Amino acid sequence: QASTSARRLPSVPYLRSALSVGSWEEVTWSQLSRCYDEKCRLGAMMTAEYVLELGNVFHSGQVEPGTCLQKLVGSVRTGVILKDVSLEVHGGELTAVLGSKGSGKRALLEVISRRAQGPTRGQILLNGVPMSMRLFQESCGYVTQKCDLLGGLSVESTLLYAANISLGRKVSSYVKQTRVKQVLADLALTQLANHSVETLTKAEYRRLVIGVQLVRDPVVLLLDEPTWDLDPLNTYFIISILSNHAKKYNRIVMITMEKPRSDIFPFLDRVTYLCLGDVVYTGATRMMLDYFRSIGFPCPELENPLMYYLCLSTVDRRSRERFIESNNQISALVEKFKVEGGPYRKYAGPAVDMENMENHQKIPLTAYGRPGFFTVFGQLVKRSWGQLNLFRWEGFKTLFLKLLLMPSFFFLLWIFYFNAFQDTKNQYQRTFVTRNGLIFNSLAGAYFMAIITTSSTFVSARTRYYQEAREGIYSGPTFLLSQLVSGLPLSAFTTCLSAFIIFRGLKEELVCFGEGEEGSCLPLSDYSPSKLAKLERTNNVHYENSYYPDFLLYWLALWGSYLFAEQQTISFMLVVKSSYTAATASIYMAILYLILGSGTVRSLSSLPELMYHLTYIVQPRYGGAVLNGLEFYNKTSLVNLGWKNESTGQEFSCRKDDFRFGCRYVNGTHLLVEKYSYPGVTLEHMMDVWTNTAINFAFPGVVMIANMILYLVPLPAFVKAKFRE
């Protein structure tokens, strides 16, 4: 053991200085294992050989699904999943963990990666340093069985963004690009570098998922069922790639498999057989046949030794007698290996040529740390924009949803309301109902289109966030802030275009003279600039439906509503996996807000006192007040509108002194008094458009902050697991 330890000790002056010793003869493994500071962790990675050791590891966890309520209260049945697991893996080796379903293969990887839920005891050491979650996140990689990548990006872009958000600033852009090209070559993806992610085959996609981890150059790479559901040729291909990577870069690669084929046998340097959490065998593959032969279980000729011993390590559940017999046999094998398996478990292979290794071994890129907040944030924003590629289906779909879905809906509104407001000389009492309906449809359109867009486009980003957050790359607030910043220009454009379609498509800018019952309005297009200037000097002129401030306020009202619905949907999608369910819940909430506070479905002044005060905490109260004010408050064009009997063609005036049948409102302000009047509050105060606009934008701001807090709060494990399975 002394010679083995001497051979494994890293010959790095930096680490010697971190330990404050002059030579390696003065270093003991106890000193190294007690070295927790940053320099020692970095030094432990800067070595010519890597050793991952597990000693007497036990782990308990959930052993049955359980209901949602049981998971919340923590009453789900638990049991021992891993029992006294001890093994060693060395750099340059490909290790396979084999076992049937429920044997503890995935649990073993989860324990090593420090992601396992439940109590764990025992030692997990990387080069003698205890494996912590931070150490694993900084120096190791984990490829889960199911991993979702972002659509709309090319293969090369996916790897480049992965490098940019995970490798420190000391790693130059040139080195990152070189690393990406090397990974593309190692994974046989060079010819597919410019292909979109969603066009890849299952095997190509799996190789790209592996490449996302390899581009970081992890010291230890764990892969859960990397060949699951692949054909034999691609299985062989991926295993050979992983074996080559381990030997070429002197890295530790550990995979799990349920049905190993015989053709991969030469690539496996080590193998571990698990059965119900117990170790049946762990050690060099070349010694496995000798071991089982020595205890009386030789592998028959022409048999696949990997599958033969896997069957030997699997409980037979076809009958009660077979279950008891196989269970007793496996228990005997487990006890036998505990007694006689030490030399096989600790076998380290042929001695490493340290001088040659040091000349060729490079420091892993993970040793240079992680990038800063602004680097990661900028790359996340850039990646979101990179998904909007018109020449790729996913990019085109996302771009359409974020830019053109809402304008398409407002174009339908324009068709429906076409010519309803164009003829200013032939406006009647019915225009009040028409304008009220337009306000409701505008608000509802902003809410519903934002919900549909968010539930359709945010789901992939959310899933990717949960996967990358487990790797410690960035936090929830960073993710949400990047989504907000990347989406703001798009939401601003889509709401501005939608507002323009309605505001300018249905209404003309008017020049109005006088006030009250004596006022009148004419289209601005009837006047030349010189004539208009003359009128402004000689008359009391004001404008309606102007670009400033009317159009600006109209757009801001829609934009604030859009942002609020977007953030609300993101809140639901924090805990709801189904985008359809999240969208449905968000739409129901939006309908409730609109009915209660918009003032278009029911007059606020007629609400019960409690419900009236509740309107102050819903956003449509303020967005609706802005739109109602723009449509009705002190509008000269809506004064003294008559009533027309469509059957006979008769027209009747509606003035204060001549208010006949069919007349409902003297002017727009009259309508607002009926909608908003409440004791102690003036209409002028309630119709302050700039105050209402500011409060309208405060709502999405508050929800955004709440989302950041929610994404920081540790969620129950079963909630987070939904987005990873």
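Because the structure is a prediction, the values reported are computed rather than measured. What you see below is based on every heavy atom in this structure, not just the backbone, and it leaves out hydrogens, waters and symmetry mates. Just so you know, residue 1 is the first one in the sequence shown, and it goes up from there.
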**OP:** Under the side-chain contact (heavy atoms from CB on, under 4.5 Å) rule, what do Lys181 and Val183 come out as? Steps first, then yes or no, please.
**Re:** CA-CA 5 Å; Lys181 294 184 184 299; Val183 170; over 6 Å; no

**OP:** Take Thr569 and Thr454 through the side chain to side chain donor-acceptor pair (under 3.5 Å) test and state the conclusion after the steps.
**Re:** CA-CA 7 Å; Thr569 308; Thr454 305; 5.0 Å; no

**OP:** Please step through side chain to side chain donor-acceptor pair (under 3.5 Å) for the pair Glu198 and Ser196, ending with a clear verdict.
**Re:** CA-CA 6 Å; Glu198 58 269 17; Ser196 182; 2.7 Å; yes

**OP:** Take Leu558 and Ser442, measure what side-chain contact (heavy atoms from CB on, under 4.5 Å) needs, and give me the verdict at the end.
**Re:** CA-CA 7 Å; Leu558 294 184; Ser442 297; 4.1 Å; yes

**OP:** Take Tyr622 and Phe699 through the ring-ring contact (aromatic ring centres under 6.0 Å, His included) test and state the conclusion after the steps.
**Re:** CA-CA 10 Å; Tyr622 306 96; Phe699 273 84; 5.8 Å; yes

**OP:** I would like to know whether Glu138 and Arg114 meet salt bridge (charged side-chain N to carboxylate O under 4.0 Å, His left out); could you show each step before the answer?
**Re:** CA-CA 12 Å; Glu138 292 179 349; Arg114 294 306 190 185; over 6 Å; no

**OP:** Please report the C-alpha distance between Gln619 and Tyr447 in whole Å, then the side-chain angles of each, then the deciding distance to 0.1 Å, and finally whether the side chain to side chain donor-acceptor pair (under 3.5 Å) criterion is met.
**Re:** CA-CA 11 Å; Gln619 193 203 32; Tyr447 279 120; 2.5 Å; yes

Subject >> side-chain contact (heavy atoms from CB on, under 4.5 Å) between Ser491 and Leu563, intermediate numbers included >> reply: CA-CA 8 Å; Ser491 61; Leu563 292 175; 3.7 Å; yes

**OP:** Give the C-alpha distance, both sets of side-chain angles, the deciding distance and a yes or no for side-chain contact (heavy atoms from CB on, under 4.5 Å) between Leu149 and Val212.
**Re:** CA-CA 9 Å; Leu149 301 177; Val212 169; 4.0 Å; yes

Subject >> Test side chain to side chain donor-acceptor pair (under 3.5 Å) applied to Ser598 and Tyr593, step by step >> reply: CA-CA 7 Å; Ser598 67; Tyr593 301 152; over 6 Å; no

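Met254 has its side chain out of reach of Leu221: every pair of non-hydrogen atoms, C-beta onward, lies at least 4.5 Å apart. For the pair Met131/Cys140, a side-chain contact is recorded, criterion being any heavy-atom separation below 4.5 Å from C-beta on. The shortest side-chain heavy-atom distance between Glu204 and Leu192 falls under the 4.5 Å cut-off. Contact annotation: the side chain of Thr256 approaches that of Leu109 to within less than 4.5 Å [non-hydrogen atoms, C-beta and beyond]. For the pair Thr227 and Ile239, the minimum side-chain heavy-atom distance is below 4.5 Å. Side-chain contact between Arg392 and Ser154: present, with at least one pair of heavy atoms (C-beta onward) separated by less than 4.5 Å. Side-chain contact between Arg216 and Arg370 is present, with at least one heavy-atom pair separated by less than 4.5 Å. For the pair Ser384/Val381, no side-chain contact is recorded, criterion being any heavy-atom separation below 4.5 Å from C-beta on.
Between the CG atom of Leu167 and the OG1 atom of Thr375 there is a distance of 11.5 Å, given to the nearest 0.5 Å. Taken to the nearest 0.5 Å, the CZ atom of Arg207 stands 11.0 Å off from the CG atom of Leu184. Once rounded to the nearest 0.5 Å, the distance linking OG1 of Thr398 with CH2 of Trp393 reads 9.5 Å. We find the CG-CD distance between Asn628 and Glu631 to be 8.0 Å, quoted to the nearest 0.5 Å. Between the CG atom in Leu596 and the CG atom in Leu614 there is a gap of 6.5 Å [rounded to 0.5 Å]. The line from CG of Leu153 to CG of Leu159 is 10.5 Å long, rounded to the nearest 0.5 Å.
Phe377 CZ: more than 12 foreign heavy atoms inside a 6.0 Å radius. Within a 6.0 Å radius of CZ in Phe374, no more than 12 heavy atoms belonging to other residues, nucleotides or ligands are found.
Between Gly560 and Phe697, the shortest heavy-atom distance links the atoms N-CZ, 3.7 Å. The two residues Val143 and Gln213 come nearest to each other via the heavy atoms CG2-CG, 3.5 Å. Residues Pro226 and Leu242 approach most closely at CG-CD1, 4.4 Å, considering heavy atoms. Across all non-hydrogen atoms, the minimal contact from Ala163 to Val180 is CB-CG2, 4.4 Å. The minimum heavy-atom distance linking Lys577 with Arg462 is given by the pair O-NH2, 2.9 Å. Closest heavy-atom contact between Ala583 and Ile451: O-CG2, 3.7 Å.
Of the possible polar contacts, none joining the Trp555 side chain to the Leu497 backbone as a donor-acceptor pair under 3.5 Å is found. Formation of a donor-acceptor pair under 3.5 Å by the Asn436 side chain with backbone atoms of Thr600 is found in this model. With hydrogens and angles disregarded, no donor-acceptor distance shorter than 3.5 Å links the side chain of Arg621 to the backbone of Gly624. Formation of a donor-acceptor pair under 3.5 Å by the Ser603 side chain with backbone atoms of Lys675 is found in this model. Formation of a donor-acceptor pair under 3.5 Å by the Thr453 side chain with backbone atoms of Ala450 is not found in this model. A donor-acceptor pair under 3.5 Å is absent between the side-chain atoms of Arg179 and the main chain of Leu365, judged by distance alone. Side chain of Asn234 to main chain of Leu230: no donor-acceptor pair is present (N/O by atom type, distance under 3.5 Å, no hydrogens or angles).
With ring centers used as reference points, Phe458 lies under 6.0 Å from Phe479. Residues Trp559 and Tyr562 keep their aromatic ring centres 6.0 Å or farther apart. Between Phe410 and Trp414, the gap from one ring centroid to the other reaches at least 6.0 Å.
Side-chain contact annotation: Glu110 with Gln117, donor-acceptor N/O pair under 3.5 Å absent. In the model, Ser475 has a side-chain atom that pairs as donor or acceptor with a side-chain atom of Thr478 under 3.5 Å. Defined by atom type and a distance below 3.5 Å, a donor-acceptor pair is missing between the side-chain atoms of Asn164 and Lys382. Gln467 and Arg464 form a side-chain donor-acceptor contact under 3.5 Å, judged by distance and modelled atom types alone. Inspection of the Asp217 and Thr366 side chains reveals no N or O donor paired with an N or O acceptor under 3.5 Å. At a cut-off of 3.5 Å, with distance as the only test, no side-chain donor of Ser579 or Ser455 sits close to an acceptor on the other residue. No side-chain donor-acceptor contact under 3.5 Å links Ser571 and Gln568.
By the 30° and 60° cut-offs, the orientation of the rings of Phe396 relative to Phe400 is parallel.
Within the cation-pi definition used here (under 6.0 Å to the ring centroid, within 45° of the axis), Arg115 does not qualify as a partner of Tyr142.
With Arg106 as the partner, the side chain to side chain contact (heavy atoms under 4.5 Å, CB included) test is satisfied by one option alone out of Asp224, Val97, Val111: Asp224.
Contact check on Glu225 versus Lys101 returns no salt bridge, with no Lys/Arg side-chain nitrogen under 4.0 Å from an Asp/Glu carboxylate oxygen.
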